[in-house]
Amino acid sequence: MEAKSTSASSLRWKILRRSLVRPPSSNSEDKSEMSIQRISMKATHGFNLIPFHLVKDNVEENVNSSKKNVIDSSRDATLCYILPVSNAPSLILHQRVRDMAHLDDFEVCNRYDIDNTGLVCQWPSEDVLAHYCLSHTNIFRQKRVIELGSGYGLAGLIVAMTTEAREVFISDGNPQVVDYIQRNVNANLVRLVVHSTFFKEFHGALVKTIKSLLKEEGSCEAILLSPRRGDSLDKFVAEVKDSGLHFSTDEVYDAEVWRRHQRFIEGDDSWPNYEMDHCYPLLVRITR
């Protein structure tokens, strides 16, 4: 039997092992599943604010290649989002299937000194950010928009497809994620600038980047949606304040997001391991 005092680090190693090696299930491994779920902060559920369905498609044409190679995308899922906007087309999103890590992922992480956060799943904050953008399309009118650390690019694509933004930049530090972004851009026939920035995971570097992007004059702001994750968000906004920038933090910024959050807090079984600290994103607005 598994010891009750199993450490968090050993459970994380179990998560890695489960992703790389898939032996037949056994009763003993089933018993450890609950412990692994408790320690894993990877989002397997979401707020589901934008309707979508799975498109069964395991191969796709590589439109970027001069030779029309066929890519085996058995590790990928293709989702079709139905945007609740009049005359808006459906949005196609390619992303990695849950628990389909590959050794190549870790080799890329080591090579570029990054992690694979944007590759492992569609995080709840991205879901909420996409919904927020749909609900506030007017703030993007005639603006140049950049999404930092976009993951698969859902929010940035929605801004490009449903608003009157002048330009949309979608960025991520992981080159594999950038490849997914490019595929999603091609799938939706959207003209975007996709930029890989290779940010270090330090608050100071992110704050400096935001400050450099905010114009000295005129209407310009950075919008972030992030859970608290212990004292991580508090330390980040402290960096923002020390840099001379101004910020505001809102917990209740959208009625529908808050309603679903309250439902999860009260024990909705559709998101069994929901925790506000790690799952509910706060809205942070930063200006000069």
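Basis for what follows: all heavy atoms, side chains included, without hydrogens, waters or symmetry-related copies.
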Consider ring-ring contact (aromatic ring centres under 6.0 Å, His included). Of W258, Y280, F47, which one does F264 pass it with?
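The ring-ring contact (aromatic ring centres under 6.0 Å, His included) with F264 is passed solely by F47 among W258, Y280, F47.
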Determine whether the side chains of [X] and [Y] contain a donor N or O and an acceptor N or O closer than 3.5 Å.
{"X": "Y180", "Y": "D76", "answer": "yes"}
{"X": "H53", "Y": "Y81", "answer": "no"}
{"X": "T287", "Y": "H246", "answer": "no"}
{"X": "D105", "Y": "Q176", "answer": "yes"}

Working for salt bridge (charged side-chain N to carboxylate O under 4.0 Å, His left out), residues D234 and R228:
CA-CA 7 Å; D234 292 334; R228 287 195 180 278; 3.2 Å; yes
Checking the side chain of [X] only, and the main-chain atoms of [Y] only, is there a donor and an acceptor separated by less than 3.5 Å?
{"X": "K211", "Y": "S243", "value": "yes"}
{"X": "D250", "Y": "L283", "value": "no"}
{"X": "S171", "Y": "E147", "value": "yes"}
{"X": "R144", "Y": "E167", "value": "no"}
{"X": "R260", "Y": "N48", "value": "yes"}

Side-chain touch L49/E256, heavy atoms, less than 4.5 angstrom
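Counting from C-beta outward, L49 and E256 do come under 4.5 Å.
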Qualifying residues under ring-ring contact (aromatic ring centres under 6.0 Å, His included), relative to Y132, sequence neighbours excluded:
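Expected list: H136.
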I'd like to know if I92 and F52 are part of one continuous hydrophobic network [Ile/Leu/Val/Met/Phe/Trp/Tyr, side-chain heavy atoms within less than 4.5 Å].
no
Please say yes or no: joined through hydrophobic side-chain contacts below 4.5 Å, possibly via intermediate residues, are L54 and I82 part of one cluster?
no
